[in-house]
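Just so you know, ligand 1 is whichever comes first in the structure, and atom 1 is the first atom listed for that ligand.
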Amino acid sequence: MYKHLQERYAPRPPVNVATLERMKADGEKIAAITAYDASFATLVDDAGVDLVLVGDSLGMVIQGHDTTVPVTLNDVIYHCKAVVKGLYRPFLMADMPFMTYASKEQALDNAVRLMQEGGAKMVKLEGGAGQIEIVEFLANHDIAVCAHLGLKPQSVHKVGGFRVQGREDAAAEQMLRDAQALEGVGADLVLLECIPAKLGALIAKELHVPVIGIGAGPDTDGQILVLYDVLDITAGRKPKFSKNFMEGQPTPLEAVKAFAQAVKSREYPAPEHCF
Ligand code: KIV
């Protein structure tokens, strides 16, 4: 971490898992965003976000791939190392890339690398019922874990595209059961991507751990967006749930502040961002 940041933010204690739980209990919305380098990490910290994800979305917005599948563990570690230098207050979560958690032992080795080499405080992996043993194994080794449900971009080739998940009753019920089971084995956070708002609200209500949404409606405990979508610099078509926060703002810092404030005040997401 840059020394000047530590001094500047001394009165604002860093966010940890207990902070996120307290925010859920108090009904304070969690503002989360992705970052991939030290400069933007400092900027999003200054803007007041609570949680930063070094997401495998870096494969698309940084590396220019069509999917997140080509991203490697070393890629995420590289970006984590940069991000951690710019952060003081937000909690740092890192993605476990495609096929880096195919077995319990592999998941543990790789989560340890993300934490020890990258500086991550929590790891995120995509999965439902199939990942229960892995989440349990990591949790039993005192690793903070976020389970990513709903649209799982690493499964794009299996699923046949980026589509809203959990629209049918059976799929929605299964997602709720998966979320409860993952919480039951020790997941500390659940992230829901691209699901009907009603299902996002139900899962957030039923779980004790905080639930962060991206395209999961206004009633999850927090919201996360890809930084480059917030700044409107992502190339190509934007997802329905994203919003250009640069509109009306003079600088990227003001845009990220506007995002964090809109999450806190529940102005974002609006009905047009929901399924
Ligand atoms: O990789 C990423 O940036 C993510 C977000 C879309 C939540 O997983």
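Distances from ligand 1 to the non-hydrogen atoms of Glu126 include no value under 4.0 Å.
Val156 and Tyr101 fall into different hydrophobic clusters, defined by Ile, Leu, Val, Met, Phe, Trp and Tyr side-chain heavy atoms under 4.5 Å apart, directly or through other members.
In this structure, Lys121 forms no cation-pi arrangement with Phe91, as its terminal cationic atom is not both closer than 6.0 Å to the ring centre and no more than 45° off the ring axis.
An N or O contact shorter than 3.5 Å is missing between Glu193 and ligand 1 by distance.
Listed by number with element, the atoms of ligand 1 under 4.0 Å from a non-hydrogen atom of Gly55 are 1 (O), 2 (C), 3 (O). The atoms of ligand 1 that sit less than 4.0 Å from any heavy atom of Ile214 are 6 (C). Interface atoms of ligand 1 facing His148, defined by a heavy-atom separation under 4.0 Å, are 8 (O). With ligand atoms numbered from 1 in the order given, ligand 1 contributes 3 (O) to contacts under 4.0 Å with heavy atoms of Thr34. Listed by number with element, the atoms of ligand 1 under 4.0 Å from a non-hydrogen atom of Ser57 are 1 (O), 2 (C), 3 (O). Residue contact check: Lys124 has heavy atoms under 4.0 Å from atoms 4 (C), 8 (O) of ligand 1.
Put simply, CE on Met175 and CD1 on Ile203 are 6.0 Å apart, with the number rounded to the nearest 0.5 Å.
Aromatic ring orientation, Tyr268 versus His273: tilted (interplanar angle from 30° to 60°).
With a 4.0 Å cut-off on non-hydrogen atoms, Asp95 touches ligand 1 through its side chain and not its backbone. Residue Leu53 touches ligand 1 through its side chain alone, judged by heavy-atom distances below 4.0 Å.
Note on Lys124 versus Asp95: salt bridge recorded, some NZ/NE/NH1/NH2 to OD/OE distance being below 4.0 Å.
Under the 4.5 Å side-chain criterion, counting only non-hydrogen atoms from C-beta, His157 is in contact with Thr67. The shortest distance between side-chain heavy atoms of Ile195 and Leu149 does not fall below 4.5 Å.
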